[in-house]
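Let me begin by presenting the structure, written as structure tokens, before commenting on it.
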Amino acid sequence: MQYNHQEIEKKWQEFWAQNQTFKALNSSDKPKYYVLDMFPYPSGAGLHVGHPLGYIASDIYARYKRHKGFNVLHPQGYDSFGLPAEQYAIQTGQHPAKTTEENIKTYRRQLDQIGFSFDWSREVRTSNPEYYKWTQWIFIQLFNSWYNNDSNKAEDISTLIAVFEKEGNLKVNAACDEDIISFNSEDWDSFSNTKKQEILLQYRLTFLSDTEVNWCPALGTVLANDEIVNGVSERGGHPVVRKKMTQWSMRISAYAQRLLDGLETIDWPQPLKDSQTNWIGRSEGAMVSFAVDGHEGEKIEVFTTRPDTIFGVSFMTLAPEHEIVSKITTDAQKAEVEAYVEATAKRSERDRMADVKTISGVFTGAFAIHPFSGEKVQIWIGDYVLASYGTGAVMAVPCGDQRDYDFAKHFGIPIPNIFENVDISEAAHSDKEGIVIANSDFLSGLKYKKASKLAIYELEKKGVGYGKINYRLRDAVFSRQRYWGEPFPVYYKEGIPQMIDAEHLPIELPEVEKYLPTEDGRPPLGNAEVWAWNTEKNEVVNNHLIDHKTVFPLELNTMPGWAGSSQYFNRYMDPRNENEIFSKENIDYWQQVDLYIGGSEHATGHLLYARFWQKFMFDRGLVPVDEFAKKLINQGMILGTSAFVFRVEGENKIVTSSKIEGLKTQPIHANVSFVNSSDELDIEAFKKWRPEFKDAEFITEEDGTFKVSREVEKMSKSKYNVVNPDDICEEYGADALRLFEMFLGPLEQSKPWKTSGISGVYSFLKKLWKLFYNGEELSISNDAPTKEELKTLHKTIKKVEEDIENFSFNTSVSTFMIAVNELTALKCNKREILEPLLVLISPYAPHIAEELWSKLGHKETISFATFPKFEEKHLVESTKVYPISFNGKMRFTLELSLDLSKDEIEQTVMAHEKTQAQLQGRTPKKVIIVPGKIVNIVG
RNA sequence: GCUCAAGUGGCGGAAUUGGUAGACGCGCUGGAUUCAAAAUCCAGUUUCUUCGGAAGUGUGGGUUCGAUUCCCACCUUGAGUACCA
């Protein structure tokens, strides 16, 4: 019987589905293990061979853990809200739910045909109301919480109200808005309800605020910082401008320190941790306030990481947008300052970022008073100071900061040197280690650390500053002017947002005529006719019923893409629970994700927000651990191997790659499906595909073939290098695809795909099959295995087990090949060898393993068969082939008994004729012998 | 600019705590089988070579009996980040 992958794979995929083989139970005597993939966005293009790489790796691990006796949770679902479906809806008028449903069908079919062991009974879709009900529910929990910096956790808003009622907000240490007013308990009592709500909003973990946002006119929405790349939108590359809007925000900044600390407790890739660390951007320093000369009561607050250099301040720079600018500018400077402010406002953020070389700024004419020396320092404005970071003002220390130095040089401002024996005639000295402060009153003679501490102490004593830790992490804007996202469970009463009671969730997306923003610029939900909340009937009703007494308008924004993905991993633990987000029982059993596999592009988006929500849920007692994923692996990207043909410029002539030298040619992408493994192009197919070359002249090689040139690029439709897993599964099978994807190289690395290589793993599968089948007959011996056969088996068990534990899946594929090659050479068909071998291979190539397992007479699936136990005794050798080296270079090998002593080895080796030939009469200085390893003769 | 990762045959890559560099596979070459092809099987395949050997893991240096592996400097590529005070 021949190996027929199509028949076998279909058979077992149906078997697994019918028997619900991979359905995970929420309790078990076995230890639990939770393996998760970052769930996909179901795009219209379907999967290409790069997408399943991580899924294959996690599936191998999940299957391995089942063999090892674990109760494995391995779910899958869809991140099904998102921009592409909505863009498609705008273009075609099709409801995004419809296209999303179709895309999911394609995804599911493609995933099923690769043979993943997912528990599909737990599937979630972020766009399903049964799912986003809980996304809305968490939003309400965040709204009803504040962050207490004293207890260092989120608490219910009622505890804050209790404090306000008792003693006002004077002693409250909370993460909150900057511009809060101070009040005592009597003040609080006297406030109107609206006023109270406005104040509470400044403390809530999700809050409304007028923020400068990144507005993308082309997409008609606001974008988060991590959705912008190089000043343009990540999706589509559209320009982004700053705009003030009322938006929901998440007070993630409250968790900055804990998000940083948590990184040390989780086994995540270092580069990913580094980028989160950078994104959070912790810096230690001091706040210093400078009085303004002649402006009683006006102060300029600055943040500095170098309080030790405070005596090096020779001027100050404010962001042009800084609110004090207009107050302090002198009449003489007014015109110039105003012109500069106006000019900067016109420049886009992108312009300002791109242009870091040009130095510009204007003197305000005002002077600040140095807090220690009392000297007057000039106050300038300059666009190198960003309004959005720190206080929007800096104390400039030109000798210690290159930007300040350049600014000072450019405008002829003095550059006092406050470092001992440091030359600052050419550049600033920004290195803080190993220098001694000079010309600095009480700080002179001290080094960075001590000087900083002392400076802060003195600032605090004088009441003009204090030590402070600053974070770059901004609160995350949570509103999107989009249709295809979670609606907020929010209505507005007298302009104050009100939460809808959790029992009435989900608030489902309304139907709209058009998916575009309204003509007056409101978000797409502004088009909905039935989008008002009746507080008596507790239901969504028609807008014309709005009376602001019992019927109120609903929120028009929707939530961003990361809302649905910030808690899905917990929901999988209890996905059909209608009464709770998950039961306590289930979350206590599954705890957290043990292994999470996905792309590194989510470093500062999904993975940061999800950690934030998890910590919040931990604070509120909803989850037992404050990090959701113990271990995380970033799989590398699979790149495409593009094919190019060359057209002679100005002529309709296409030249084979070896003959382009000396010609002026343009490369043209050819579809990789027209190119064979020897890089030869099917010219007729190419002509048919690109009719404009129908009559082109093709200059071929001497032998009549036409060769393309190859280049590795990202796999993408526009480069015609996409390989579809459907085609691979059809021709070679899912088992071959799985083995080949792993065989390409280490999981974390990027590597190019070349379909021609798959024949290696395919013939491996055929060889494996032939160990069982002698021609048409299944031929299995029950004889006892030989020593050699046992050695091959146990060597393989050891290596494969080590490899899987180390996520080194590429090397186990080689190990399987070696094992099958050796067993073929030994003509081994012994049950005692082949049975455990099948279990080893089963995580990688589950279909063929199941088929042969059943042919061996098993009635049950192989999925839970015990992983074979490695026994050292089968690998014990009596001799060793020693490499004999001369000065570290191996020259020949010699088989010697392992019983020999060092002296005996030396004697035997030295007596050998090849040793003498190597030495050519010289006497060795030294002979190094490591028994069982190596002999090295020196001299 | 800064941070991180990586440089090994024609290609993807392997090499446990420093101990036989190039496992395994692709491709290529030759052969067997075949009317022929596919498939399969066998042999070879880092480079140079006077066929004895010699050199060789981005470059240069160092530590060591011995370095792809450890240290220093540099070069290249990729990723992230970017006036963050």
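Chain naming here is simple, since letters A, B, ... match the order of the sequence lines and numbering starts at 1 in each.
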Could you give the [atom1]-to-[atom2] distance, from [X] to [N], as a whole number of Å?
X: K827(A); N: C41(B); atom1: NZ; atom2: P; answer: 13 Å
X: E741(A); N: C24(B); atom1: CD; atom2: P; answer: 23 Å
X: K933(A); N: U64(B); atom1: NZ; atom2: P; answer: 21 Å
X: M890(A); N: G53(B); atom1: CE; atom2: P; answer: 12 Å
X: L896(A); N: G19(B); atom1: CG; atom2: P; answer: 20 Å
X: L737(A); N: G25(B); atom1: CG; atom2: P; answer: 19 Å
X: W279(A); N: C84(B); atom1: CH2; atom2: P; answer: 15 Å
X: Q2(A); N: A38(B); atom1: CD; atom2: P; answer: 17 Å

Sequence neighbours excluded, which residues qualify as side-chain hydrogen bond (donor to acceptor under 3.5 Å, both in side chains) partners of [X]?
X: D682(A); answer: none
X: T304(A); answer: none
X: D803(A); answer: K799(A), T811(A)
X: E805(A); answer: Y64(A)

Inset, instruction - Consider the side chain of S763(A), meaning its heavy atoms from C-beta on, and name the nucleotide among C83(B), C26(B), U20(B) that approaches it most closely. - result: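 Nucleotide nearest to S763(A)'s side chain: C26(B).
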Inset, instruction - Identify which nucleotide among A85(B), U81(B), G19(B) has an atom closest to any side-chain atom of T305(A), counting heavy atoms from C-beta outward. - result: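 The listed nucleotide nearest to T305(A)'s side chain is A85(B).
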Inset, instruction - Give the B/S/- string for nucleotides 7-15 of chain B, one per nucleotide from 5' to 3', where a protein heavy atom under 4.0 Å of the base yields B, of only the sugar-phosphate yields S, and otherwise -. - result: -----BSS-
Inset, instruction - Classify every nucleotide of nucleotides 65-72 of chain B by which part a protein heavy atom approaches to under 4.0 Å, writing B for the base, S for the sugar-phosphate alone and - for neither, in 5'-to-3' order. - result: BS------
Inset, instruction - Report the glycosidic orientation of G9(B): syn if within 90° of 0, anti in every other case. - result: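 Because its glycosidic torsion lies within 90° of 0, G9(B) adopts the syn conformation.
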Inset, instruction - Kindly label the base of G7(B) as syn or anti, based on whether its glycosidic torsion lies within 90° of 0. - result: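 Base orientation: anti.
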Inset, instruction - For K798(A) and for P883(A), find the nucleotide of RNA chain B with the closest heavy atom, then tell me which residue's nucleotide is more 5'. - result: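 First, find each residue's nearest nucleotide; the 5'-ward one identifies K798(A).
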Legend entry - Residue closer to the 5' end of RNA chain B, E802(A) versus V394(A) (nearest nucleotide):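 So the residue in question is E802(A).
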Legend entry - Pairwise distance NE2(H429(A)) to CD(Q402(A)) - rounded to 0.5 angstrom: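 Reported value, rounded in 0.5 Å steps: 11.5 Å.
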Legend entry - For RNA chain B, the residues among residues 401-409 of chain A that have a non-hydrogen atom under 4.0 Å from it: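 Result for residues 401-409 of chain A: R403(A), sorted by number.
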Inset, instruction - For RNA chain B, write out the stems as range with range, using runs of 3 or more consecutive Watson-Crick or G-U pairs with both distances under 3.5 Å. - result: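 Detected stem regions: B:1-7 with B:75-81, B:10-12 with B:24-26, B:27-32 with B:40-45, B:46-48 with B:53-55, B:58-62 with B:70-74.
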[N] phosphate, OP1 or OP2, under 4.0 Å from [X] side-chain N/O:
X: N821(A); N: G25(B); result: yes
X: K766(A); N: A39(B); result: no
X: R891(A); N: A55(B); result: yes

Quick one: label [X] by what it contacts on the DNA or RNA (base, sugar-phosphate, nothing), any heavy atom closer than 4.0 Å.
X: S600(A); value: nothing
X: K767(A); value: sugar-phosphate
X: V881(A); value: base
X: S283(A); value: sugar-phosphate
X: S275(A); value: sugar-phosphate
X: R282(A); value: nothing
X: T317(A); value: nothing

Taking atom [atom1] in both [N] and [M], what distance in whole Å separates the two?
N: A85(B); M: G78(B); atom1: C1'; answer: 31 Å
N: C4(B); M: A21(B); atom1: C1'; answer: 28 Å
N: U40(B); M: C26(B); atom1: P; answer: 9 Å
N: G52(B); M: U8(B); atom1: C1'; answer: 28 Å
N: U63(B); M: C48(B); atom1: P; answer: 33 Å
N: U20(B); M: C42(B); atom1: P; answer: 28 Å
N: G61(B); M: C75(B); atom1: C1'; answer: 15 Å
N: G19(B); M: C70(B); atom1: C1'; answer: 15 Å

Inset, instruction - Output all residues satisfying salt bridge (charged side-chain N to carboxylate O under 4.0 Å, His left out) with E822(A), sequence neighbours left out; order by chain, then residue number. - result: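 E822(A) satisfies salt bridge (charged side-chain N to carboxylate O under 4.0 Å, His left out) with K795(A) only.
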Legend entry - Partners meeting salt bridge (charged side-chain N to carboxylate O under 4.0 Å, His left out) with E713(A) (sequence neighbours left out):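 E713(A) satisfies salt bridge (charged side-chain N to carboxylate O under 4.0 Å, His left out) with no residue once adjacent residues are dropped.
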Legend entry - Y882(A) (side chain) donor-acceptor with G932(A) (main chain) under 3.5 angstrom: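 Here the side-chain-to-backbone pair exists.
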Legend entry - Residues E877(A), K791(A): salt bridge by 4.0 Å N-O rule: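 Salt bridge between E877(A) and K791(A), a charged N being under 4.0 Å from a carboxylate O: yes.
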Ring-plane angle category for [X] and [Y], please: parallel below 30°, perpendicular beyond 60°, tilted otherwise.
X: H912(A); Y: F892(A); value: parallel
X: F764(A); Y: F816(A); value: parallel
X: Y762(A); Y: Y3(A); value: tilted

Inset, instruction - Quick one: do F407(A) and F315(A) satisfy ring-ring contact (aromatic ring centres under 6.0 Å, His included)? Show the steps, please. - result: CA-CA 10 Å; F407(A) 196 87; F315(A) 64 104; 5.5 Å; yes
Legend entry - From E601(A), K751(A), M715(A), K714(A), residue fulfilling side chain to side chain contact (heavy atoms under 4.5 Å, CB included) relative to M637(A):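 It is K714(A), the one option of E601(A), K751(A), M715(A), K714(A) that forms the side chain to side chain contact (heavy atoms under 4.5 Å, CB included) with M637(A).
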Inset, instruction - Could I get the full list of side-chain contact (heavy atoms from CB on, under 4.5 Å) partners for I456(A), not counting sequence neighbours? - result: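 Only A286(A), P307(A), E460(A) meet the side-chain contact (heavy atoms from CB on, under 4.5 Å) criterion with I456(A).
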Legend entry - Partner residues of M910(A) under the side-chain contact (heavy atoms from CB on, under 4.5 Å) criterion, sequence neighbours left out: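 Result, side-chain contact (heavy atoms from CB on, under 4.5 Å) vs M910(A): E906(A), T915(A), L919(A), P924(A), V927(A), I937(A).
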Inset, instruction - Over all heavy atoms of both residues, which pair between P371(A) and F290(A) is shortest? Give the atoms and the distance, please. - result: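 Heavy atoms only, the tightest pair is CD-CE2, 3.5 Å.
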